[in-house]
Protein chains: 2
Amino acid sequence: MSSPSLPGTQHVSDATLGRLSLYLRHLTEWQAAGVATVSSTRLAAAAGTTPATLRKDLNPLGSHGRPGVGYDVASLVPVLESTLGLTTAWRVAIIGAGHLGQALAGYAGFTQRGFPVVALLDSSRALIGTHVGELMVQDATDLERVVAAEDITMAVLTVPGPAAQRLVDRLALAGVRSILSFAPVAVQAPDGVHVRRVDLASELQLLAHRAGS
Amino acid sequence: MSSPSLPGTQHVSDATLGRLSLYLRHLTEWQAAGVATVSSTRLAAAAGTTPATLRKDLNPLGSHGRPGVGYDVASLVPVLESTLGLTTAWRVAIIGAGHLGQALAGYAGFTQRGFPVVALLDSSRALIGTHVGELMVQDATDLERVVAAEDITMAVLTVPGPAAQRLVDRLALAGVRSILSFAPVAVQAPDGVHVRRVDLASELQLLAHRAGS
DNA sequence: CCGTGTGAATAAATTCACAGCA
DNA sequence: TGCTGTGAATTTATTCACACGG
């Protein structure tokens, strides 16, 4: 499945990407506050990691730090944005307008960080046609039409486990290649379609284990 | 009931725990369906991992599989529940009654999997006193009193980044040792207090990167 | 002096391979 | 024959240590 790294596109691991996202968040904050340079020690502390890890993370993106000074904030921000794929205009659809789906539709964090939610779908008669914030819940039967009409490039699945696989199949067929699923089941997707799973109850169980030991 | 009499709790990694949670989910489903035994191949497929990894995951929990047959479902379920800390009665408070907090308060998945939400707090005058499902939003100023009165053992933080650290400090001081934070900032906690961070926008950025490469 | 960039060392997680039991 | 349990090998991630530039 993994294609050899194309010239210019160094491989960046998932663990690293998660941290890059945090780095970017702090850098934009500091950029707005007028901070010009930042040392690896300071940025690492803000992101909850170590200076060594941070430098390793930033290394494959090119040299944007000056010895004795630190990293140039203004120079680093666009590089991170580009690496994280924020140069493309993403358009997100949320499938499943239950509690979680409605909340994510109204969650300002998504839009703020470059992922505007432009459609909300559900299969329940009771929900279709109702309004959640500025969005109207659309019929999940029309998934393919909505994806095309709204130019959806990313989907968030907040549906019960059993419904997830079928929706992933339909989304993939409709051309959506990035899917974030909250369903607590493993799903399969064709090559080129990326599914990432977040299991909230699982996170609580992990905490429960640690507290018990 | 029969807690594993092995005195030393073997170390189980975070990566493994995340998978154990998924295994448990499928096992309870199959147990209800009357399935008696399951092979590592089948369970691994359902959880989206490999048989070898699954056997390694289950190994430190003791031998519950029989060669040539597979794992005994009824025997494995309680072991996983015990390992994941589901034998204690957890009581969850959600701090922050914004979109995300309200959704999680009404999210059935938490209660279903052993983590009932029994309190919802916020600092906004406009929200205090309003009802979300069966819960009334309480004043975050009273955090310490609510933790004691409701016997809170776990907290979910759905507050803006800048507010997170202060609340972690107060929760730790009030005796809460397990915290799940949705704030996109690193927080520090004293020894014995576990904080796990989930950054939803970060998950989308990870997908965005993969799609761009 | 600081603080970056990076090779070397260490630690962790995953995969392989196979002996042995039902 | 099928499938577990587990040591060994491999891949991946993190930490250490230090040469070199401002």
Side-chain angles (χ1 to χ4, degrees), chain A residues 1-5 10-23 26-27 30 35-76 79-80 83 186 206 209-210, chain B residues 4 6 10-23 27 30 35-77 79-80 83 186 206 209-210 213:
Chain A
M1 73 166 236
S2 57
S3 54
S5 8
Q10 292 258 10
H11 180 256
V12 182
S13 78
D14 278 14
T16 293
L17 283 168
R19 288 189 298 264
L20 290 186
S21 178
L22 247 191
Y23 301 154
H26 287 282
L27 286 172
W30 290 337
V35 177
T37 59
V38 152
S39 73
S40 64
T41 309
R42 178 149 172 232
L43 183 49
T49 185
T50 66
T53 299
L54 182 142
R55 291 202 297 272
K56 273 275 195 282
D57 286 343
L58 259 39
N59 195 33
L61 311 184
S63 291
H64 297 275
R66 289 214 311 287
V69 181
Y71 292 92
D72 184 52
V73 176
S75 148
L76 203 47
V79 174
L80 287 178
T83 303
L206 206 146
H209 165 87
R210 292 211 282 227
Chain B
L6 299 168
Q10 292 255 10
H11 181 256
V12 182
S13 77
D14 278 13
T16 293
L17 282 169
R19 289 189 296 266
L20 290 186
S21 177
L22 247 191
Y23 302 154
L27 286 171
W30 289 337
V35 177
T37 59
V38 151
S39 74
S40 63
T41 309
R42 179 148 171 231
L43 184 49
T49 183
T50 66
T53 300
L54 182 142
R55 293 202 296 275
K56 274 276 196 279
D57 286 343
L58 259 39
N59 196 31
L61 312 184
S63 290
H64 297 273
R66 290 213 313 287
V69 181
Y71 292 90
D72 185 52
V73 177
S75 145
L76 203 48
V77 166
V79 174
L80 286 179
T83 303
L206 205 143
H209 166 87
R210 291 212 283 228
S213 59

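Chain letters run A, B, ... following the sequence lines, proteins first, then strands; residues in each count from 1. Every value quoted in this text rests on a predicted model; they were computed, and no experiment measured them.
- Look at S40(A) and you won't find any side-chain N or O under 4.0 angstrom from OP1 or OP2 of dG3(C).
- In this structure, S63(A) reaches the sugar-phosphate backbone alone: every heavy-atom distance under 4.0 Å involves primed, P, OP1 or OP2 atoms, never a base.
- Remark: P of dT4(D) and CG of L61(B) are 15 Å apart, rounded to the nearest angstrom.
- Residue L43(A) contributes atom CG, which lies 14 Å from atom C1' of dG3(C) at whole-angstrom precision.
- At whole-Å resolution of the value, CG in L54(B) and P in dG5(D) are 10 Å apart.
- Checked against side chain to side chain contact (heavy atoms under 4.5 Å, CB included), A74(B) has the following partners two or more places apart in sequence or in another chain: Q31(B), D72(B).
- Under 4.0 angstrom from either OP1 or OP2 of dG5(D) there lies at least one side-chain N or O belonging to Y71(B).
- Atoms CG (D72(A)) and C1' (dG5(C)) sit 17 Å apart, rounded to a whole Å.
- Here the straight-line distance linking atom CG of L206(B) with atom CG of D14(A) works out to 4.5 Å at 0.5 Å rounding.
- Here the P atom of nucleotide dT11(D) and the CG atom of D14(A) are 19 Å apart, to the nearest Å.
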Less than 3.5 Å apart, which donor and acceptor atoms pair up between the side chains of residues 52-60 of chain A and the rest of the protein, not counting sequence neighbours?
unit_1: T53(A); atom_1: OG1; unit_2: T50(A); atom_2: OG1; d: 2.9
unit_1: R55(A); atom_1: NH1; unit_2: S40(A); atom_2: OG; d: 3.3
unit_1: D57(A); atom_1: OD1; unit_2: T16(A); atom_2: OG1; d: 3.0
unit_1: D57(A); atom_1: OD1; unit_2: R19(A); atom_2: NH2; d: 3.0
unit_1: D57(A); atom_1: OD2; unit_2: R19(A); atom_2: NE; d: 2.7
unit_1: D57(A); atom_1: OD2; unit_2: R19(A); atom_2: NH2; d: 3.4
unit_1: D57(A); atom_1: OD2; unit_2: Y23(A); atom_2: OH; d: 2.8

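- A search for side-chain hydrogen bond (donor to acceptor under 3.5 Å, both in side chains) contacts involving T37(B) returns nothing, not counting sequence neighbours.
- Atom C1' of nucleotide dC3(D) and atom CG of L58(B) are separated by 14 Å, given to the nearest angstrom.
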What's the verdict on side chain to side chain contact (heavy atoms under 4.5 Å, CB included) for R42(B) and W30(B), showing C-alpha distance, side-chain angles and the deciding distance?
CA-CA 12 Å; R42(B) 179 148 171 231; W30(B) 289 337; 3.9 Å; yes
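- Taken from OG1 in T49(A) to CG in L43(A), the straight-line distance is 9.5 Å, to the nearest 0.5 Å.
- Going from atom NE2 of H64(B) over to atom P of dC21(C) covers 20 Å, rounded to whole Å.
- By the side-chain hydrogen bond (donor to acceptor under 3.5 Å, both in side chains) test, H26(A) is found to be paired with no residue, residues two or more places apart in sequence or in another chain being considered.
- When heavy atoms are screened at a 4.0 angstrom cut-off, S13(B) is found touching the sugar-phosphate backbone but no base atom.
- Rounded to the nearest 0.5 angstrom, L22(A) CG and L80(A) CG are separated by 11.5 Å.
- An end-to-end axis angle of 10° holds for the helix from dC1(C)-dG22(D) to dA22(C)-dT1(D), taken from five base pairs per end and rounded to 10°.
- dA13(C) atom P lies 15 Å from atom CG of N59(B), rounded to whole Å.
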Which nucleotides of nucleotides 15-22 of chain D have their base under 4.0 Å from a protein heavy atom (B), which only their sugar-phosphate (S), and which neither (-), written as one string 5' to 3'?
B-B---BS
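- Among the protein residues, R19(B) comes within range of the sugar-phosphate backbone only, with heavy atoms under 4.0 Å from sugar or phosphate atoms but none that close to a base.
- Checking side-chain atoms of H209(A) against main-chain N and O of T83(B) turns up a donor-acceptor pair under 3.5 Å.
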